[in-house]
Structures are given as C-alpha cells and as structure tokens.
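Read the structure below first, then the notes.
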Amino acid sequence: MHKFLWNFAELLPIVLLYYNALTAAQTDNRPNIVIILADDLGVDDVSFRGSNQFLTPNIDALAYSGVILQNLYTPDMCSPSRSALLTGKYPIHTGMQHYVIPNYEPWGLPLNETTMAQIFKQHGYYTSIIGKWHQGMSRKAYTPTRRGFDQHFGYLGAYVDYYAQTLDATYKNLSRGHDFRDNLAVSREYIGTYVTDLLTEAATKVISKHDAHKQPLFLLLSQLAPHTGDEDDPLQAPPEEVEKFAYIKDAQRRTYAAMVSKLDQSVASVIDALAQKGILNNTILIFLSDNGGPTIGLHATTASNYPLRGQKSSPWEGGIRSSGAIWSPLLEHLGTVWKQHFYIGDLLPTLAAAANIPLDSQQMKLDGLNLWSALKYGYNSVEREIVHNIDQISNYISYGKGKWKLINGTTYDGIYDDWIGTRSNESNDELDPRAAHYEEVIMNTTVWQHLAEINAKGGALAPRTINITKLREDAAINCQLANASHGVACDPLVAPCLFDIDVDPCEQNNLYPAMNGSKLVQELLKRVAHFCETAHAPNNKPLDPNSDPQLYDGEWTWWEDVQDGVDENGSGNDGAKMAEVVSVAFIWTCTFVLFIF
Ligand SMILES: *[C@@H]1O[C@H](CO)[C@@H](O)[C@H](O)[C@H]1NC(C)=O
Ligand SMILES: *[C@@H]1O[C@H](CO)[C@@H](O)[C@H](O)[C@H]1NC(C)=O
Ligand SMILES: *[C@@H]1O[C@H](CO)[C@@H](O)[C@H](O)[C@H]1NC(C)=O
Ligand SMILES: *[C@@H]1O[C@H](CO)[C@@H](O)[C@H](O)[C@H]1NC(C)=O
Ligand SMILES: *[C@@H]1O[C@H](CO)[C@@H](O)[C@H](O)[C@H]1NC(C)=O
Ligand SMILES: *[C@@H]1O[C@H](CO)[C@@H](O)[C@H](O)[C@H]1NC(C)=O
Ligand SMILES: *[C@@H]1O[C@H](CO)[C@@H](O)[C@H](O)[C@H]1NC(C)=O
Ligand SMILES: *[C@@H]1O[C@H](CO)[C@@H](O)[C@H](O)[C@H]1NC(C)=O
Ligand SMILES: *[C@@H]1O[C@H](CO)[C@@H](O)[C@H](O)[C@H]1NC(C)=O
Ligand SMILES: *[C@@H]1O[C@H](CO)[C@@H](O)[C@H](O)[C@H]1NC(C)=O
C-alpha cells in the first residue's frame, strides 16, 4: 500500500502536467457533419418507402431512427445537384442549370462561388470529400482541394468503372482515361478494388484518424453507387454480392440490387466507425441521393422511382425527389416523417445554423433557406418555393411553390415523361427473403443499435417507441388515382401543366386547363419570369480535344493548366494563373416564358 502511494506521489506531477496539457488544448464541441450522397438512386430503391424487392436495412434503420425527409427535392442531374448542395443556390444562379460537366468540357462551378466546404473550413472544421466531385477539373483551380476541402480521395469527373477507375470517351474520338486521385496525386494502386468499398474504407479511415474533439469534421462521402460504371460494363458488383439476390430474375436488376446493397453496407460502416471513435453522439448524419434514378435511356440502371412520374433528367417528381433522411441527437422529433418541402440547397444554411456558423444569407445571395429550427422542432415552417429548373437550352421550366407545381416544356422530347418506374413483382416470388422478418432485420442492424442507444439518452426528448411499420406506411408515396389515364392529361410540349403535388405526387391530374388565367397561375408565371431574369447564362462549353487522356499518360487531368504551361503534369504548382471563367458560350433570353396577361 505504502509503495503504491509513493509511486502515485511520484507520478502526480506528470499526471498534472498531462491534465493541464489536455485542458489547455482547445476542445471543440460543435457537431460533426457526415453527408452520404448516393448517385442516381431511385426514390423506390430504398426499402423504407415500402419496396420488398431488395432491402436496404441500414439506410432504413438510419431513416426510422432519425427524421425522414419526405419531400426532399434536388435538381434532376448530377452536376447541377451537387452545385446546389455546395453553394446553397439554384443552378440557374450559378450557370450550372443545363446538363452536366462531361470530362472533356473546359468549365466548372464558377470560381467566384463560395462552397459549403469553404465556409465550414473557415469556421474551423476539417473538410473532407471522399468520392465523386463532378464540379469541374479542366483547371486545378476547379478541383475539390482548391474549393474548400482539406482532403479529396476519389475521382474528379462524372463516373468511373467500378474496378478500373476509368472513363471511356472513345465515342467522342477521345481515349479512355484513368480518373482516381489521393488529393492531387494520381493514384493507380487501387485499380481492381471495387470503388464503393474503396470509398467506404477511405471514409472510415478519415473518421478513425481525425481527432474530432479538437477539430470538428465535415465529411462528404460522395459515392459512385448506384450510378453506372463505364459504358462498356455499366452495372458492376462483386459476384458474391450479386449471388445474394439470385431470386431476382432480371440479370441487370439483380446486379443493381447488389450495387445498392454495397451502398447500404457503406452507411453501416460509416456509422460503426463514428460509434467506435466515440463521436457518433455528436454527429449530424444525412443520407440522400443527388437526383432521381435513370430507369431507361442514358446511364440506365433499372432504377425505380415508382410510383412517381418521369425519372432522372426530367422535370417530373421522378427526377427531383430524393429518398433522404437525417439523424442527430440535436433533433427533438426523432422517429418521424417530416413533410416540409426541403431543397438540397437548404442544407448549407441549415447545417451552418446547426454548427453555430453565422451566415449572411442575403449578402451571399443564397436560395437555400435555414430550416434548422423547423427541422429540430419538427414543424412545417414555410410554403417552400423551389425553382426545380429553368433550362434555356433544353427549353423547359419546372417550378414549385408549396403544393403547386408548374411544368412547361420538357427534356428529350418527352421520352422520360411517363410513369416509368415499377415496383418489383411481389406476385412473382421476387421478394427479398428478409422481408418476412422486416422489423427484426432493421432492429438487428448495428445502425439501429448504435442510434437507439444514443436516442435513449435523449431523456425526455427520446422517442418513446419507434413504430417501424407505421413510419414505413407514412413514408410511402401514394398516387391520387389508381390509373393515370383517369386524370386530366398533360403534355408539356403542347401547353403548361399544373399539379397539386401534395394530393397528386404522381402528377396524374393536370389542373392547368381548369385554372388557366386564374390569379394563382398568373402569380406562378410571374415568379417564373422573375427567376428567368435573374438566371445566369449556362456555363456549358464545347468539347475540348486537348482534354484527351492519351495526351497525359492516360489520365483525365486539369488539361488547360497543362496546356498553358502552368502545370507540367498535373502534380506541380498551384495553377497560380487562375482561370478567368467568364462564360458567354450561349446567348439566351427569357422569351420562352410568354405572358398570357
Ligand atoms: C460570379 O461571376 C458571375 C459573372 O461571371 C456573376 O454573374 C455572379 O453573380 C458572380 N457570383 C458571385 C457570387 O459573385
Ligand atoms: C470521329 O472521327 C471520325 C473519323 O475521323 C469522324 O467520322 C467522326 O465524325 C468523329 N466523331 C466525333 C464524335 O467527333
Ligand atoms: C458522447 O459520449 C461520450 C462518451 O462515450 C461522452 O464523453 C460525451 O460527453 C458524449 N457527448 C455528447 C455530446 O453527448
Ligand atoms: C413483373 O412480372 C411480369 C410477368 O413476368 C413482367 O412482365 C414484368 O416485367 C415484371 N415487372 C418487374 C418490375 O419486374
Ligand atoms: C436477429 O439477430 C438475432 C441474434 O443474433 C438472430 O437470432 C436472429 O435470427 C436475427 N433475425 C433476423 C431476422 O435476421
Ligand atoms: C404500429 O403501427 C401499425 C400501423 O399503423 C399499427 O397497426 C400497430 O398497431 C402499431 N404498433 C404499435 C406497437 O403501436
Ligand atoms: C388504365 O386505363 C386504361 C384506359 O381505360 C386501360 O387501357 C389500362 O389498361 C388501365 N391500366 C391499368 C393499369 O389498369
Ligand atoms: C389558356 O387560355 C388561353 C386564353 O384564353 C388560351 O388561348 C389557351 O389555349 C388556354 N390554354 C390551355 C392549356 O387551356
Ligand atoms: C511531375 O510529376 C512528378 C512525379 O509526381 C513530380 O515529381 C514532379 O515534380 C512533377 N513536375 C511538375 C512540374 O509538377
Ligand atoms: C410554355 O413554353 C412554350 C414553349 O417554350 C412557350 O411558347 C409558352 O409561352 C410557355 N407558356 C407559358 C404560359 O409561359
């Protein structure tokens, strides 16, 4: 005993020193933010909406434990959607509204725009993006570590092959190029590793390595899944994963199910890593898709937006509704479905508010709204106006104000305008065998268990019981009519269409003919005309043959810098001669919105 005391006394000064050092070091209690962004996931490709064809137990567990974002809206394509997430602005206000940035076009998110990563970094966060960027790469200045991210591990372009990490542009007379980097350095050592797993592992490594008590973490895990891989082999998943879905007869759908399953597992791995690090209880978790799923056409995956109309790259709900959820112990109504219309661009000011970051939304000209308080206390705060798109090149508008939605014109001559998505054949034995014990499967996930443990510590605020069956019913999307042909038809190439989205989410019943000339329609058209005037010209530029990967050792790189001699091989200096990006490639006007009054 005596010896022990003596030893302790001897150690005491050291213990005190250590203690002082600990308390002197700054601790930062602001919440970590982890966003998991899926690419092209259909609204019905998660099982919390009711589908039993293949389950997504981890995403569902997150959704039921948190708040389901029932009416989460995004732009209808990748680059516009990601620009809205990062800037808190409509793509029409940054020139990102038309199509996406193909790897071979020399443009990007304008350099004078401030990204969410810059804001969080300025306010002391460690900012990391793992995975897809797709906001420009023709100059190094466009790339993520020049746009506010401390770290990027992933690819710069539109998509890559799940194993080879290449994108083939031979259809444009360019070559196939590799696109995968660790920060700015080309990284070929991961060729052959399935990208979903690779990105998941990188994200969990960031979580386990970073000391979030000293510096809060802002992590955007921007998965490739379940977007198509490279065109010659668009649907790719590890054979052992595909085998789990052998009951799905359609081979493409079977592989797609495996791709989504890998994405679902990624969600569990990230949450496990946060729990293991002891920081899950101080984290805001968000899961969402960048846009609707492509069932047919370009980059088709068999994705399903059932029962919604349209799909990715279209003005309909199937293109712009995202199946998303958010969880944080800061939220007071966990285990609920939040019906507020919510825009992806609202995340910037909303998360900034959650992190106590002051923003001057007006000065920043944000279109996104800070809905943190409404989300935290679980009420519907505004009749959200959302400019889904005004595309002067494709010549269409899609606009919402509260329950009203106006569409005029459409994309691709209307080939995506039908009810394309279906729900798997429950009559056909194509059921996930796990669906028989659905609730138990959800509650058996580590996601459910970790979140339940923290939810239970919320004291009076803790959800008493979470009724999974009830939440699943509430998150289902129900059409107004059993048969769309019983509604008033809409052909937006002929005349504008108007829908009451709250009762008619499937856009089956066109109210425009009945409301034509009404005060409501006039007001909606006036708002559209206003936004048309404030729109920035689209940034799109023609293909630049100098982008060809074969000129750069088979790599997609910041070719404009290399061509200008600013950067010899894409790993040199900072691209000091920053690009002046003033795009006047398209002269456009607002004349396509005519006034009828
Ligand atoms: C960026 O510059 C463009 C002109 O090229 C301008 O329209 C836009 O408002 C600017 N954005 C900001 C945030 O200043
Ligand atoms: C590719 O090159 C061939 C032969 O020069 C030409 O006929 C074709 O139009 C080119 N295609 C594209 C997309 O540029
Ligand atoms: C999170 O849990 C750790 C211990 O596991 C505890 O020390 C810490 O105070 C908790 N933080 C919050 C915000 O509840
Ligand atoms: C459902 O089954 C029918 C009959 O086998 C088939 O024609 C249809 O394509 C199936 N639908 C889906 C979504 O698999
Ligand atoms: C849930 O986990 C328990 C305990 O590991 C196991 O016995 C049970 O079979 C699991 N249920 C399902 C549906 O997987
Ligand atoms: C859960 O909700 C379902 C559907 O609304 C209901 O039938 C069931 O009784 C509820 N279960 C509990 C335990 O409240
Ligand atoms: C919907 O109604 C149309 C016309 O009445 C009919 O041809 C079609 O078979 C119906 N579809 C379904 C799914 O009932
Ligand atoms: C709306 O009313 C105007 C003027 O009366 C008419 O020219 C137009 O055809 C109507 N449009 C539709 C879709 O009913
Ligand atoms: C070119 O790449 C090599 C290897 O990564 C690097 O050592 C060298 O500094 C680079 N040169 C320039 C000018 O960036
Ligand atoms: C709808 O778009 C068409 C085609 O661009 C245009 O001619 C028409 O004026 C628009 N309708 C309204 C009401 O803005």
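One-based numbering along the sequence shown. As the structure lists them, so they are numbered: ligands from 1, and atoms in each ligand from 1.
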- Item | Test item: protein heavy atom less than 4.0 Å from atom 11 (N) of ligand 7 |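 When distances to the protein are checked, atom 11 (N) of ligand 7 has a heavy atom within 4.0 Å.
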
- Message: Would you say atom 2 (O) of ligand 7 makes contact with the protein, given that contact here means a non-hydrogen protein atom less than 4.0 Å away?
- Response: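 So atom 2 (O) of ligand 7 has protein heavy-atom neighbours under 4.0 Å.
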
- Item | Residue N516 vicinity, atoms of ligand 8 by number, heavy atom under 4.0 Å |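 Result: 1 (C), 2 (O), 3 (C), 8 (C), 10 (C), 11 (N), 12 (C), 14 (O).
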
- Query: Which ligand 8 atoms, with their elements, are less than 4.0 angstrom from a heavy-atom of A495?
  - Reply: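 Going through ligand 8 atom by atom, the ones under 4.0 Å from A495 are 13 (C).
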
- Task: State, with a plain yes or no, whether a side-chain heavy atom of F531 is found less than 4.5 Å away from one of T534.
- Result: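 When only atoms from C-beta onward are counted, T534 and F531 do touch, with a gap below 4.5 Å.
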
- Item | Side-chain heavy-atom pair K457, N281 within 4.5 angstrom cut-off |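 Not touching, per the 4.5 Å side-chain cut-off.
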
- Message: With a 3.5 Å distance limit and no angle check, can you tell me whether S47 reaches the backbone of L55 through a side-chain donor-acceptor pair?
- Response: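 No; judged by distance alone, with no hydrogens or angles, the pair does not exist.
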
To check your reading of the model: name the closest protein heavy atom to [atom], its residue, and the distance in Å.
{"atom": "atom 8 (C) of ligand 6", "result": "N467 ND2, 3.8 Å"}
{"atom": "atom 13 (C) of ligand 7", "result": "N483 ND2, 4.5 Å"}
{"atom": "atom 5 (O) of ligand 7", "result": "S485 OG, 4.0 Å"}

- Message: Please confirm whether the ring centroid of F245 lies under 6.0 Å from the ring centroid of Y256.
- Response: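 Between F245 and Y256, the centre distance exceeds or equals 6.0 Å.
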
- Query: When you look at CD of E439, are more than 12 heavy atoms from neighbouring residues, nucleotides or ligands closer to it than 6.0 Å?
  - Reply: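 Atom CD in E439 is crowded, with more than 12 foreign heavy atoms closer than 6.0 Å.
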
- Is the shortest distance from a Lys or Arg side-chain nitrogen in K401 or E523 to a carboxylate oxygen in the other one below 4.0 Å?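 Salt bridge flag = no for E523 with K401.
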
- Message: Check D44 with R49, please: is the shortest side-chain N to carboxylate O separation under 4.0 Å?
- Response: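 Result for this pair is no, no salt bridge flagged.
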
- Counting each atom of ligand 6 from 1 as listed, which ones have a heavy atom of E473 under 4.0 Å away?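 Heavy-atom distances to E473 below 4.0 Å select 4 (C), 5 (O).
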
- Query: Polar-atom distance check: Y512 versus ligand 8, any N or O pair below 3.5 Å?
  - Reply: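 No; every N/O pair is 3.5 Å or more apart.
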
